[in-house]
Amino acid sequence: MSTSDPIFAPPINRSMKELDRSFFRKQVPFLAAYFPQPKYLTPFMKSCKSDLLQISHVKHIIPMDNSKAVLLHPQITSPEDISPETKQKIQEFGIEIRPYTMDLDYSFWKADDILRAVLPEDLVDETPTGFSQAGHIAHLNLRNAFKPFGKLIGQVILDKNPSVETVVDKADTIANKFRTFNMTLLAGKDDFVVEQTESKCRFKFDFSKVYWNSRLATEHERLVEKFDVGEVVGDVFAGVGPFAVPAGKKKVIVMANDLNPESYRYLKENIESNRVEKFTKAYNLDGREFIQQAPKLLYDFHKGTPVIEEDIIKRRKVTDPKTGQSKSIKEITIKKTKTPKYYSHFVMNLPDSALSFLNEFIGLYSRHPSIMEEIQSDPEFKLPMIHVHCFEKFGLDEEPTVDELSRRVYDKICGLIEYELDYDTIEFHTVRWVAPTKIMFCASFELPKEVAFKEL
């Protein structure tokens with residue numbers, strides 16, 4: 001049995017436009033087994049489970065007349081409905097059957113229950129209570145049919161989720177080149193500056209002015225795991241730092257870029273607040289310009305900081321020979337991380353258009369002849385891995401496999417870098433299905449030397 005049983009259904013008012021919490025009141029009649037001797041409560045409940053009310057979040061043991069009672073199943077409306085086995089225990093333990101009324105109010109029902117009681121009947125099968133959360137903000141993507149009821153939906157979600165203080169409805173499409181969304185405040189406070197924890201890092205940003213997707217947390221962690229200590233990563237579309245900051249915490253050197261001035265501002269703030277400024281550098285360039293300038297940006301950083309030095313502080317206990325008492329002393333050692341002159345990875349997390357930036361990797365190093373010459377003579381030099389996120393859509397009349405969709409992406413990549421990669425060497429990771437006909441991939445491949453060093 002569950003609260004979806006009609007006896008527990010909330011009262012219905014499909015004409016409600018603004019939430020009236022006082023409307024949601026209901027009295028549910030029960031029979032209760034009253035125990036003059038409470039010691040028999042536990043053995044009775046073990047023996048007579050089938051006749052008892054059993055719903056996970058509804059208290060079935062209640063105080064009654066300086067003792068306790070247990071509520072019987074709501075289908076038991078008279079003593080005659082009780083099973084013979086339970087009747088025997090009632091007689092054996094001297095139990096009394098008494099009437100009891102449970103008073104239910106707005107706090108009893110979940111968001112789904114309330115919305116099913118107030119939305120039009122043709123919408124109740126798809127109540128929009130699912131949302132993503134960034135800090136204190138719950139963001140929905142309401143279908144057009146639900147938008148007239150947005151304020152009502154938002155208030156119910158706000159009430160039923162203690163960690164939510166603001167509810168917004170995001171438009172279906174990104175509004176501008178900065179990947180931000182138009183949004184409507186549905187309920188709660190008009191405050192879009194949030195703090196979000198991810199990968200043991202703290203991020204602060206204005207949700208209305210930057211791009212953030214909490215559903216990508218696993219993808220952020222998956223890629224950061226691929227980066228090794230001391231490697232250099234070029235984060236082309238860094239946002240507020242969901243790749244760059246955790247990587248910097250891992251002692252990976254990150255050249256992090258974003259075109260959006262607001263993202264850049266919060267990226268710098270998050271780098272500083274997470275204390276990764278020695279390893280993570282922020283830039284505010286167009287993605288194409290950043291890729292073109294990436295070798296020089298790193299080369300200049302290498303020249304200025306050939307070695308990153310960190311103070312590693314440890315404490316250990318020692319015994320004072322004079323007093324015999326132990327005390328804690330601080331030991332400081334310096335850890336050094338060499339700054340390479342070349343990149344090991346580029347991350348391109350702009351799925352709507354990242355593929356179109358791939359042609360900038362043609363001649364990545366050859367457009368910087370002096371740097372190219374120097375890195376080619378470095379015995380440790382290696383070519384970077386490119387991790388590019390993208391969407392692949394298909395028609396409603398198609399039923400392509402994931403492999404077929406990845407091959408479509410493969411063809412696009414080869415065309416853009418003007419080089420035919422070996423398909424079997426590319427990792428196509430399915431990040432998530434954005435819609436029934438739209439998949440998000442991350443394609444990872446090593447940039448061929450024929451592309452990186454191609455004469456322009």
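What's counted below: heavy atoms across the whole structure, side chains too, no hydrogens, waters or symmetry copies. Starting from 1, each residue takes its place in the sequence as its number.
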Glu277, CD atom: more than 12 neighbouring heavy atoms under 6.0 Å: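 Result for CD/Glu277: enclosed.
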
Check the side chains of [Y] and [X] for a donor-acceptor pair under 3.5 angstrom, ignoring hydrogens and angles.
X	Y	answer
Ser107	Asp105	yes
Asp159	Tyr106	yes
Ser15	Asn13	yes

Looking only at atom types and distance, does a side-chain atom of Ser366 sit under 3.5 Å from a main-chain N or O of Lys454, one as donor and one as acceptor? yes

Test item: His220 side-chain N/O and Pro246 main-chain N/O as donor-acceptor pair under 3.5 Å: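 Flag not set: sc His220 to bb Pro246 has no pair under 3.5 Å.
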
Pairwise side-chain contact, [X] with [Y], heavy-atom cut-off 4.5 Å (strictly under):
X	Y	result
Phe149	Pro128	no
Val164	Phe131	yes
Glu360	Phe290	no
Ser214	Gln133	no
Thr184	Lys147	no
Leu383	Pro448	no
Ile375	His368	no

Here's a test for you: under salt bridge (Lys or Arg N to Asp or Glu O under 4.0 Å), which of Lys278, Arg275, Lys336, Lys251 qualifies with Glu310? Lys251

Glu398 and salt bridge (Lys or Arg N to Asp or Glu O under 4.0 Å): which single residue from Lys438, Lys393, Arg408 fits?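 Output: one option passes, namely Arg408.
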
List the steps, then state whether salt bridge (charged side-chain N to carboxylate O under 4.0 Å, His left out) holds for Arg265 with Glu262. CA-CA 5 Å; Arg265 179 166 76 89; Glu262 288 294 320; 3.1 Å; yes

Can you list the residues that meet the ring-ring contact (aromatic ring centres under 6.0 Å, His included) rule with [X], with sequence neighbours excluded?
X	answer
Phe357	Phe237
His139	Phe207
Tyr423	Tyr410, Phe428

Pair Glu195 + Arg202: basic N to acidic O under 4.0 Å: yes

Going by side-chain hydrogen bond (donor to acceptor under 3.5 Å, both in side chains), Lys226 matches just one of His387, Glu231, Glu427. Which one? Glu427

Could Lys26 and Phe8 be counted as a cation-pi pair, given that NZ or CZ must be under 6.0 Å from the ring centre and within 45° of the axis? no

Working note: Lys296 + Asp300, criterion salt bridge (charged side-chain N to carboxylate O under 4.0 Å, His left out); need CA distance, chi angles, decisive distance, verdict. CA-CA 6 Å; Lys296 185 176 187 307; Asp300 290 347; 2.8 Å; yes

Which of these, Thr337, Val252, Val254, sits in a side chain to side chain contact (heavy atoms under 4.5 Å, CB included) with Phe279?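 For Phe279, the side chain to side chain contact (heavy atoms under 4.5 Å, CB included) check succeeds only for Thr337.
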
OG1 on Thr280 to CG on Leu267, rounded to 0.5 Å: 8.5 Å

